[in-house]
Peer 1: 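Here it is, the structure in full.
Owing to the predicted nature of the structure, the values given are computational and were not obtained by experimental measurement.
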Amino acid sequence: MVYEGVVSELFDYDYAPQSSLVETRRVWLNVSQEGQSDIEVLREEELINALLVSSKSHKPVVLFQVSDKGQEVIQDLARQEKEAVNTFAHKPDSRELLKTSWDGECFWLESSSAYKRRSTATDTEDVSYVSSAYIPQCLRFGGRPTMSNAHRAHESGQTGIDNIRDNDLEEIVTLNSVSMIVAEYIPFGSNQIVQLNNNVGSTERVQGGYISSVVDGDSSGTALELNPELTSVEVLDYTHTNHLNFEAEIRFREDPGVVQVETFGISMNAEGTCFYGLQLEAVMNRIKDNISLDHLSRILVDIQQDSSSIVDSVMSQYQRELLDLVFIGDAHNRNKINLIIANEITPHLTADEFMDKGEYENEFKQVIGDTKAAFDITEQDSLIFGSQGLLVCGPTARNYESLLCAYISFNSLDLFLQNFFSRVLLHNDDLKASYQIVEKVEYDPLALTQSRNRLSTLSKDIIMLDQVLGYLDEALQMMDVPLEPPEQAGRSLYNRLELSGMRDMLVRRANDVKKNLTASQRNLDLLRERVEIESHNKTVNMSLQLEKNTRTLCSLQVANGDAVRSLKILQTIFAGVIAFDFLDRITGDWTVVDTAWMSGFVDTVIKEHTLVWFAISIVAWCLAAYLVSRRLYLANWKSRGVTTISITVNRSIDTAKLKELIQEKEKTTEERKYEGKKQLVKVTCEFLCVC
């Protein structure tokens with residue numbers, strides 16, 4: 001919201017891109033350090049309250065609320081000032097308050113009436129500049145020196161522009177002769193360095209070339225179409241299993257009018273620290289000197305983004321998977337450490353004067369994050385610590401490149417450990433969520449499948465996290481603390497950097513993360529056992545249900561058999577009835593009652609006695625019913641006396657004797673299966689025996 005106020009010309013602030021974590025994604029967010037400073041002033045004056053909470057990604061979040069004292073101050077504000085804020089904070093031509101929302105990619109300003117517009121707070125800005133490759137001599141092991149682009153310095157000023165939306169940048173601090181190094185830790189090892197050298201062609205007669213992260217799916221084909229925006233690589237020096245130094249010329253497409261001549265000096269080593277260095281030759285129309293920190297902050301963003309693209313092109317797919325795991329699928333925007341070395345700073349002040357909690361600190365925060373401390377190494381050299389890097393200014397600053405590189409190496413490992421620790425905590429949250437899914441197995445038919453899928457994913461993640469921890473332990477063993485320089489300025493810088501204490505602290509933190517990871521592995525084992533138990537219980541329940549269903553089917557089969565036999569008897573009776581009716585049709589109305597030999601019985605018994613014929617009919621009916629039911633009972637009884645036995649014997653047999661045995665028996669079915677040279681025979685014989 002502060003940024004939107006700046007671009008709306010409501011606030012007279014500067015802003016600069018800063019790596020920020022939004023939910024689980026890391027994005028470049030345009031942040032006004034002056035706006036944050038004013039918010040801190042309001043907190044100090046108790047005009048707003050602050051509530052510290054933790055997000056789902058286990059990162060701190062600060063919530064703000066206007067205090068009662070702040071409400072009183074608001075009541076005293078002039079109406080004109082309130083209207084200026086209302087115009088910015090509400091939907092145009094209405095009083096509907098705009099609220100921010102995040103869609104996973106960018107921020108939106110929304111009102112209750114469905115008004116919506118996208119914020120440009122996540123859109124980074126570019127400036128024109130010319131740079132040369134820069135690799136400190138402490139990282140070089142022979143080879144040719146880096147090439148200079150100083151002869152092209154005029155290009156950024158003659159034809160280059162910027163796309164900064166703030167037209168009034170307030171320059172408080174400027175630097176002369178600026179070198180920048182962006183450092184990060186990537187899980188590396190000796191084998192990975194060997195693969196890296198192969199990827200860039202270090203061992204070939206013609207080294208380097210263009211590089212790309214595209215995988216050739218048809219390596220036997222004759223053509224591959226790629227984007228022309230590639231990176232040119234030239235190897236400077238290397239050792240087969242320890243390090244690689246090379247120049248990388250960036251040829252990515254920029255916005256119209258923006259001229260960027262980018263040549264990185266890249267140093268990678270087996271311990272895992274990667275350095276991406278630039279020597280600024282010109283920024284806009286300023287050649288070498290008088291470089292603004294506002295411009296420098298945007299160049300650092302460009303370096304961090306482009307360096308991720310370069311290193312992704314040369315490292316292995318396995319390393320990319322490890323980074324995606326640690327940074328939750330957003331490795332391209334991973335945060336890094338900045339080291340800025342300048343021969344001179346303007347204005348030149350003491351360390352206490354730089355830490356003014358005002359405009360100077362706000363300037364430094366744009367390039368090195370929240371300022372922690374500042375020290376005077378000598379009368380001309382200054383050292384400023386930030387949460388995201390280090391700024392060293394002075395004529396002798398480059399004399400201690402080995403100390404500075406060691407410091408940012410430890411800091412890059414520290415930064416990676418922070419992200420790794422957060423990832424382990426998120427893994428524990430996933431384990432807890434998986435337990436909740438397992439508890440639904442009894443009544444959710446899909447829960448068991450979901451639990452197994454999550455268990456497979458979590459097992460893969462814990463294996464890869466354990467591998468990353470192994471790389472971290474190896475890196476800490478390989479990282480050496482440089483010796484203390486003999487001169488006074490060097491000793492002062494060495495003491496301020498506290499290198500030995502940093503290494504010990506990182507070792508303790510790595511051991512602490514190892515305990516958390518071990519606990520996660522045990523929780524995963526418990527989850528696996530729980531899933532197996534639930535799977536077994538579900539299998540038993542299914543077996544019981546199947547057995548119950550089988551019994552039901554058997555009962556239905558018996559009932560069906562009885563019904564079939566009853567139907568057969570009824571068919572026989574109906575056939576007789578039809579036959580008799582047919583004969584009645586042929587003989588007409590003739591009946592035995594009309595015969596002479598039957599007339600005496602009919603007259604004396606049936607006609608003279610009431611209900612006699614009815615009784616005879618009932619007896620005949622009962623007799624017929626008895627005979628039918630008796631016949632059905634005998635049929636059912638015989639069917640239940642049939643027993644079917646199937647015997648399978650799995651062992652080696654004598655086929656000749658088996659044939660003789662089969663010939664003696666009444667065969668019903670026979671199956672043969674020959675396996676191997678011994679002609680093992682599988683024979684299934686069914687014999688029917690009725691007792």
Peer 1: Applying side chain to side chain contact (heavy atoms under 4.5 Å, CB included), run through Thr174 and Glu344 and close with a yes or a no.
Peer 2: CA-CA 9 Å; Thr174 59; Glu344 185 180 359; over 6 Å; no
Peer 1: Could you state the interatomic distance from CZ (Arg496) to CG (Asp376), rounded to the nearest 0.5 Å?
Peer 2: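 With rounding to 0.5 Å, CZ (Arg496) is 9.0 Å from CG (Asp376).
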Peer 1: Would you say Glu262 and Ser131 are linked by a side-chain donor-acceptor pair, where the criterion is simply a distance under 3.5 Å?
Peer 2: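 Absent: no donor and acceptor within the cut-off.
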Peer 1: Assess the side chains of Glu125 and Tyr15: does a donor N or O sit below 3.5 Å from an acceptor N or O?
Peer 2: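 On atom types as modelled, these side chains qualify, holding a pair under 3.5 Å.
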Peer 1: Does the His427 side chain pair with the main chain of Leu458, one donor and one acceptor, at a distance under 3.5 Å?
Peer 2: yes
Peer 1: How about Asn343 and Ser177: does a side-chain donor come under 3.5 Å of a side-chain acceptor?
Peer 2: yes
Peer 1: Does the side chain of Tyr3 pick up a donor-acceptor pair with the side chain of Thr120 at under 3.5 Å?
Peer 2: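 Their side chains do contain a donor-acceptor pair, which is all the 3.5 Å distance test asks for.
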Peer 1: Would you call the rings of Phe107 and Trp102 parallel, tilted or perpendicular, taking 30° and 60° as the class edges?
Peer 2: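 Ring orientation of Phe107 relative to Trp102: tilted.
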Peer 1: Check whether more than 12 heavy atoms from other residues, nucleotides or ligands sit under 6.0 Å from atom CD of Glu83, and answer yes or no.
Peer 2: yes
Peer 1: Evaluate the side-chain proximity of Leu339 to Met180: yes if any heavy-atom separation is below 4.5 Å, no if none is.
Peer 2: no
Peer 1: Whether the side chain of Gln33 engages the backbone of Glu361 through a donor-acceptor N/O pair (distance < 3.5 Å, no angle test) should be reported.
Peer 2: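 A pair under 3.5 Å: no.
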Peer 1: With a 4.5 Å cut-off on side-chain heavy atoms, are Gln380 and Thr396 touching?
Peer 2: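 No, every pair of side-chain atoms sits at 4.5 Å or beyond.
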Peer 1: Does Arg286 pair with Glu171 as a salt bridge, N-O distance under 4.0 Å?
Peer 2: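 Yes, this pair counts.
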Peer 1: Return yes when atom NZ of Lys460 has more than 12 non-hydrogen atoms of other residues, nucleotides or ligands closer than 6.0 Å, and no otherwise.
Peer 2: no
Peer 1: Determine whether the side chains of Arg398 and Ser179 contain a donor N or O and an acceptor N or O closer than 3.5 Å.
Peer 2: yes
Peer 1: Any Lys/Arg nitrogen of Asp123 or Arg118 sitting under 4.0 Å from an Asp/Glu carboxylate oxygen of the other?
Peer 2: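 Here Asp123 pairs with Arg118 in a salt bridge, since their nearest N and O are under 4.0 Å apart.
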Peer 1: Mind listing the closest non-hydrogen atom pair of Asp294 and Arg298 along with its distance?
Peer 2: O-NH1, 2.8 Å
Peer 1: Nearest 0.5 angstrom please: Leu472 CG to Leu506 CG, how far?
Peer 2: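 Nearest 0.5 Å value for the CG-CG distance: 9.5 Å.
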Peer 1: Heavy-atom count around Glu379 CD within 6.0 Å, excluding the residue itself: above 12?
Peer 2: no
Peer 1: Do Leu391 and Leu175 come within less than 4.5 Å of each other through their side chains, counting heavy atoms only?
Peer 2: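 Yes; the side chains approach each other to less than 4.5 Å.
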Peer 1: When you measure from the side chain of Arg454 to the backbone of Asp430, do you find a donor-acceptor pair of N or O atoms at a distance under 3.5 Å?
Peer 2: yes
Peer 1: Can you tell me how far the CG atom of Asn516 sits from the CG atom of Asn428, to the nearest 0.5 Å?
Peer 2: 7.0 Å
Peer 1: Should the pair Phe354 and Tyr360 be assigned to parallel (<30°), tilted (30 to 60°) or perpendicular (>60°) ring geometry?
Peer 2: perpendicular
Peer 1: Please step through salt bridge (Lys or Arg N to Asp or Glu O under 4.0 Å) for the pair Glu4 and Arg117, ending with a clear verdict.
Peer 2: CA-CA 12 Å; Glu4 290 292 335; Arg117 66 180 174 89; 3.6 Å; yes
Peer 1: Is it the case that Gln366 and Ser297 place a side-chain donor and acceptor less than 3.5 Å from each other?
Peer 2: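 No - no donor-acceptor pair under 3.5 Å links their side chains.
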Peer 1: Compare all side-chain heavy atoms of Lys288 with those of Leu280 and state whether any distance is below 4.5 angstrom.
Peer 2: no
Peer 1: So Tyr134 and Ile341, do their side chains get closer than 4.5 Å, heavy atoms only?
Peer 2: yes
Peer 1: Please check this pair: side chain of Ser451 against backbone of Ala447, looking for a donor-acceptor N/O pair closer than 3.5 Å.
Peer 2: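 Yes, the answer is positive, given that a donor and an acceptor are paired below the 3.5 Å cut-off.
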Peer 1: If only atom types and distance count, is the side chain of Glu34 paired as donor or acceptor with the main-chain N or O of Asp14 below 3.5 Å?
Peer 2: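 Yes: the side chain of Glu34 pairs with the backbone of Asp14.
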Peer 1: Go through the side-chain N and O atoms of Trp108 and Asp103 and say whether any donor and acceptor fall under 3.5 Å apart.
Peer 2: yes
Peer 1: Start with the C-alpha distance between Lys99 and Glu110, add both sets of side-chain angles, then the distance that settles salt bridge (Lys or Arg N to Asp or Glu O under 4.0 Å), and finish with yes or no.
Peer 2: CA-CA 5 Å; Lys99 298 182 180 180; Glu110 301 177 345; over 6 Å; no
Peer 1: May I ask you to decide whether Glu498 forms a salt bridge with Lys372, counting only side-chain N to carboxylate O separations under 4.0 Å?
Peer 2: no
Peer 1: Side-chain donor-acceptor pair under 3.5 Å between Lys91 and Ser113, yes or no?
Peer 2: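 Per modelled atom types, Lys91 and Ser113 side chains form a pair under 3.5 Å.
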Peer 1: Does the side chain of Lys357 pick up a donor-acceptor pair with the side chain of Ser37 at under 3.5 Å?
Peer 2: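 No donor-acceptor contact under 3.5 Å links the two side chains.
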Peer 1: Is it true that a side-chain atom of Arg503 and a backbone atom of Leu476 form a donor plus acceptor pair closer than 3.5 Å?
Peer 2: yes
Peer 1: Distance-only, no hydrogens or angles: does the Ser387 side chain make a donor-acceptor pair with backbone N or O of Asp370 under 3.5 Å?
Peer 2: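 Indeed, once roles are kept as given, a pair shorter than 3.5 Å links the two residues.
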Peer 1: Less than 3.5 Å apart, any donor N or O on the side chain of Gln304 or Tyr276 sitting next to an acceptor on the other?
Peer 2: no
Peer 1: Hey, what do you get for CD1 (Ile368) to CG (Leu300), rounding to the nearest 0.5 Å?
Peer 2: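 Spacing of CD1 (Ile368) from CG (Leu300) equals 10.5 Å.
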Peer 1: Are the side chain of Asn362 and the backbone of Gly358 linked by a donor-acceptor contact shorter than 3.5 Å?
Peer 2: yes
Peer 1: Quick one, Asp330 with Arg26, criterion salt bridge (Lys or Arg N to Asp or Glu O under 4.0 Å). Give me CA distance, side-chain angles, the key distance, then yes/no.
Peer 2: CA-CA 7 Å; Asp330 198 29; Arg26 184 165 291 278; over 6 Å; no
Peer 1: Find out whether Val392 and Leu390 are in side-chain contact, i.e. whether some heavy atom of one side chain is under 4.5 Å from a heavy atom of the other.
Peer 2: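 They are in side-chain contact.
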Peer 1: Hey, does Ile48 have a side-chain heavy atom less than 4.5 Å from the side chain of Gln65?
Peer 2: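 SC-SC contact between Gln65 and Ile48 ruled out.
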Peer 1: Just by distance, with hydrogens left out, do Asp302 and Tyr129 show a side-chain donor and acceptor under 3.5 Å apart?
Peer 2: yes
Peer 1: Between Leu109 and Lys116, is any pair of side-chain heavy atoms under 4.5 Å apart?
Peer 2: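 The answer is no; the side chains never approach within 4.5 Å.
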Peer 1: Distance from Asp324 atom CG to Glu321 atom CD, nearest 0.5 Å?
Peer 2: 8.0 Å
